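All values derive from a computational prediction rather than experimental measurement.
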Amino acid sequence: MALDLWLVYAAACVGLSLTPGPSGLLALTHGVLYGLRRSAATIVGGALGFVLVVAVSMAGLGALLAASTTAFTVGKWIGAAYLVYLGVRTWLAPSPYVRLGAGRDLPEVSARKLFFQGFLCASTNPKVIIFFAAFLPQFMNPASPFLPQFMVMALTFAAIEVLYEFVVAGSAHTFAPWLSKARVGCWFNRITGTTFIGIGSALAVVNRS
């Protein structure tokens with residue numbers, strides 16, 4: 001990929017990352033609940049999920065989902081159900097006040113579990129697959145080998161997304177002590193949990209356009 005084209009692509013990726021979505025919200029939630037270091041597993045899982053999304057989009061799954069009502073519906077309900085599940089789990093999770101204000105730890109959550117939450121959150125949204133299927137061809141050169149272009153595009157977006165989510169998680173963790181002192185941690189869980197459920201519900205009713 002030519003440098004000038006890559007710069008345009010990288011700028012577009014920054015814009016995509018800054019657009020609010022489930023992965024950024026998950027990084028925010030885990031940043032408050034578990035801190036930046038443990039949230040790294042969530043962020044890495046999300047990055048690999050996005051690499052998978054780029055791969056299947058470039059391989060033609062995006063076109064399949066756009067053309068097949070059945071395929072899109074199945075993918076849509078899987079993604080919607082997982083987001084609703086995350087919302088319910090977030091709603092029921094102990095608040096940051098319990099951990100920071102009362103001197104007790106949250107139940108131990110393995111890095112593996114956080115990793116898979118990030119991975120599934122990033123990779124189960126069929127609307128994202130369709131978007132990438134329409135977005136990526138604008139930056140591809142049909143005369144050039146496929147694999148190098150995929151590596152450049154996937155790794156560029158993943159790197160930008162990782163940086164963005166680290167900033168989000170780190171900033172969220174900075175505010176965690178304030179949530180403890182203000183005793184509003186339970187409301188943070190309820191707001192973010194409701195947002196996850198809302199995104200999942202919206203995904204369940206969207207069409208392919």
Side-chain angles (χ1 to χ4, degrees), residues 13-34 39 41-43 45-47 49-50 52-53 57 62 65-66 69-99 106-107 109 113-135 157 161-162 164-176 178-179 182-209:
C13 289
V14 171
L16 289 175
S17 294
L18 293 177
T19 302
S23 292
L25 181 61
L26 188 65
L28 174 72
T29 303
H30 285 186
V32 170
L33 295 178
Y34 307 116
S39 297
T42 305
I43 295 169
F50 279 119
L52 175 62
V53 168
S57 297
L65 290 177
T69 300
T70 301
F72 178 84
T73 300
V74 171
K76 178 180 69 173
W77 281 104
I78 291 174
Y82 185 69
L83 290 175
V84 170
Y85 164 78
L86 280 180
V88 173
R89 288 292 303 270
T90 301
W91 179 284
L92 298 176
S95 73
Y97 172 73
V98 172
R99 179 169 60 90
L106 287 168
V109 178
K113 185 172 183 178
L114 295 178
F115 173 89
F116 278 109
Q117 284 187 4
F119 177 82
L120 290 174
C121 188
S123 61
T124 56
N125 189 337
K127 293 286 283 189
V128 174
I129 298 176
I130 291 175
F131 177 83
F132 272 114
F135 173 71
F157 182 76
E161 186 69 22
V162 164
Y164 164 70
E165 291 187 17
F166 264 112
V167 171
V168 169
S171 300
H173 187 59
T174 300
F175 287 103
W178 176 81
L179 292 175
R183 302 196 178 191
V184 295
C186 59
W187 287 105
F188 173 84
N189 284 3
R190 292 174 182 175
I191 291 170
T192 53
T194 300
T195 303
F196 270 123
I197 293 171
I199 293 174
S201 299
L203 178 61
V205 299
V206 297
N207 55 35
R208 290 178 292 162
S209 60

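- Between Phe116 and Phe119, the ring-plane angle classifies as perpendicular under the 30° and 60° cut-offs.
- Between Cys121 and Ser23, the closest heavy-atom pair is SG-N, 3.9 Å.
- Looking at residues two or more places apart in sequence or on another chain, you find a ring pair (Phe, Tyr, Trp, His ring centres under 6.0 Å) between Phe157 and Phe50, Phe132.
- For the atom pair Phe115 CZ and Leu120 CG, the distance stands at 9.5 Å (nearest 0.5 Å).
- Leu114 is linked by a side chain to side chain contact (heavy atoms under 4.5 Å, CB included) to His30, Tyr34, Arg38, Ala41, Thr42, Val109, Gln117, counting only residues two or more places apart in sequence or in another chain.
- Considering every non-hydrogen atom in both Ser39 and Gly31, the closest pair reads OG-N, 3.2 Å.
- The side chain to side chain contact (heavy atoms under 4.5 Å, CB included) test applied to Phe166 returns Leu36, Ala40, Ile43, Val162, not counting sequence neighbours.
- Nearest heavy-atom pair, Gly24 versus Val168, reported as atom, atom and distance to 0.1 Å: O-CG1, 3.8 Å.
- Shown here for Gly49 and Ser123, the closest heavy-atom pair between the two residues is O-CB, 3.9 Å.
- Not a single side chain to side chain donor-acceptor pair (under 3.5 Å) links Glu165 to another residue, sequence neighbours left out.
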